[in-house]
Each structure stands twice: as structure tokens, then as C-alpha cells.
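Heads up: the structure comes next, in C-alpha cells.
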Amino acid sequence: QVQLVESGGGLGQAGGSRRLSCAADGNTFSINAMGGWRQAAGKEREPVALMFIDGASTIYEDSVTGRFTISIDNAKNTGYLQMNSLNPAFPALYSCLLRSAALFDYWGPGTPVTVSS
């Protein structure tokens with residue numbers, strides 16, 4: 001079993017930066033992918049950043065490409081989503097997802113991010 005603890009959400013400044021953390025507690029040996037997802041008001045949850053663990057390849061949603069960076073510190077069992085150039089038009093709840101080789105998903109509780117203009 002894997003449990004996720006997220007931190008780093010809150011109020012940011014337009015054009016500024018925040019870093020979200022996703023710490024995993026449990027056996028993560030079978031985890032092969034990590035994702036950062038967001039859900040804006042009135043919209044469905046969508047992936048914004050994905051990382052495949054084995055090859056360290058990443059995929060970003062078009063609107064965050066060049067501004068967001070997903071990374072992982074294996075020694076700390078912690079993933080990070082660095083968010084730069086924050087846009088006040090898109091406050092959202094950001095959630096961490098870990099996916100196992102057996103396609104079992106572990107979701108974090110989510111952390112809200114709002115941006116002042």
C-alpha cells in the first residue's frame with residue numbers, strides 16, 4: 001500500500017512560482033509513473049505533467065510546457081511539480097498520482113493553488 005502526502009499549495013502571485021511536493025509512504029517499488037493532475041472549477045480533472053520512472057521521460061500539457069517541471073527524488077520518495085509563471089486565470093486543485101505496473105492508481109488528497117493578480 002502507498003499513501004501520498006501533498007504540500008506546497010496556497011496563494012501565489014501572478015507570474016510567480018510555487019513548488020508542489022508529493023511524498024510517498026509505503027512500498028513504491030512497483031510504481032512506474034507519476035502524474036500531476038489539476039481540476040479547475042467546473043472542469044474535469046486533467047493531467048498536466050507526467051513522468052515515467054524507468055526512462056525518466058516526461059510529458060506536459062500544452063498550456064504548461066516551458067513553465068512547469070515534474071521531477072522525483074528517489075532517495076526521499078518524493079515527487080515535485082515546479083510551477084513557474086503562474087496564471088491567475090487558472091486556480092485549481094492539484095493532485096499527485098502514482099501508477100503501478102499493474103495499473104493500480106494511488107491518489108493524493110490534492111492541494112489547492114490560487115493565484116492573485
Side-chain angles (χ1 to χ4, degrees):
Q1 293 183 318
V2 178
Q3 293 182 322
L4 305 180
V5 178
E6 300 172 351
S7 62
L11 177 64
Q13 297 293 324
S17 300
R18 295 196 72 86
R19 187 182 71 168
L20 305 182
S21 298
C22 176
D25 182 16
N27 185 2
T28 60
F29 179 79
S30 65
I31 299 299
N32 63 8
M34 177 179 69
W37 292 62
R38 71 182 176 193
Q39 185 172 26
K43 298 182 179 180
E44 295 184 352
R45 185 163 57 185
E46 63 179 353
V48 297
L50 300 173
M51 168 175 278
F52 298 94
I53 305 301
D54 289 347
S57 59
T58 56
I59 301 173
Y60 295 96
E61 194 272 332
D62 288 344
S63 69
V64 309
T65 297
R67 299 188 299 114
F68 286 16
T69 302
I70 189 169
S71 63
I72 188 167
D73 185 335
N74 287 309
K76 297 181 178 180
N77 276 339
T78 300
Y80 302 96
L81 183 66
Q82 178 69 40
M83 306 185 297
N84 298 328
S85 301
L86 292 172
N87 188 340
F90 295 98
L93 182 73
Y94 285 80
S95 300
C96 181
L97 168 68
L98 301 184
R99 174 165 287 183
S100 72
L103 302 181
F104 190 91
D105 291 342
Y106 300 91
W107 286 97
T111 183
V113 176
T114 56
V115 182
S116 63
S117 60

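All values below come from the heavy atoms of this structure, side chains included, with hydrogens, waters and symmetry mates left out. Note that the structure is a prediction, hence the values are computed from the model and not measured.
- Between atom OG of residue Ser100 and atom OH of residue Tyr106 there is a gap of 5.5 Å, rounded to the nearest 0.5 Å.
- Considering only heavy atoms from C-beta on, Met83 comes within 4.5 Å of Val113 through its side chain.
- The backbone N or O of Glu61 lies less than 3.5 Å from a partner atom in the side chain of Thr65, making a donor-acceptor pair.
- No continuous path of hydrophobic side-chain contacts links Leu4 to Leu50 [ILVMFWY only; heavy atoms under 4.5 Å].
- Hydrophobic clustering keeps Ile53 apart from Trp37 (ILVMFWY residues linked when any side-chain heavy atoms are closer than 4.5 Å, directly or through intermediates).
- Distance check: Ile31 CD1 to Asp54 CG gives 11.5 Å after rounding to the nearest 0.5 Å.
- At least one donor-acceptor pair under 3.5 Å links the side chain of Tyr60 to the backbone N or O of Ile70.
- Within the 4.5 Å cutoff, no side-chain heavy atoms of Thr58 are placed close to those of Phe52.
- Looking at heavy atoms from C-beta onward, Arg38 lies in side-chain contact with Glu46 at the 4.5 angstrom threshold.
- Side chains of Glu6 and Thr111: no donor on one and acceptor on the other come within 3.5 Å.
- Taking hydrophobic clusters as Ile, Leu, Val, Met, Phe, Trp and Tyr residues chained together by side-chain heavy-atom distances below 4.5 Å, Tyr80 does not share a cluster with Met34.
- Within the 4.5 Å cutoff, side-chain heavy atoms of Leu81 are placed close to those of Tyr94.
- Linking ILVMFWY residues whenever their side-chain heavy atoms come closer than 4.5 Å, directly or via other members, leaves Ile59 and Phe68 in distinct clusters.
- Ser95 places a side-chain heavy atom less than 4.5 Å from the side chain of Arg45.
- A donor-acceptor pair under 3.5 Å links the side-chain atoms of Arg18 to the main chain of Leu11, judged by distance alone.
- Considering all non-hydrogen atoms of both residues, Asn84 and Gln82 come closest at OD1-NE2, 3.0 Å.
- The OG atom of Ser63 sits 8.5 Å away from atom CG of Asn87, with the distance rounded to the nearest 0.5 Å.
- Two different hydrophobic clusters hold Leu93 and Leu97 under the rule that ILVMFWY side chains link at heavy-atom gaps under 4.5 Å.
- The neighbour count for Asp25 CG, taken as heavy atoms of other residues, nucleotides or ligands under 6.0 Å away, does not exceed 12.
- Distance OG/Ser17 to CZ/Arg67: 10.0 Å, rounded to 0.5 Å.
- Taking OG of Ser116 as the reference point, atom CD of Gln13 lies at 3.5 Å (rounded to 0.5 Å).
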Task: Stepwise side-chain contact (heavy atoms from CB on, under 4.5 Å) check, Leu98 with Trp107 - done: CA-CA 7 Å; Leu98 301 184; Trp107 286 97; over 6 Å; no
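- Residues Thr78 and Asp73 bring no donor and acceptor atom of their side chains to less than 3.5 Å of each other.
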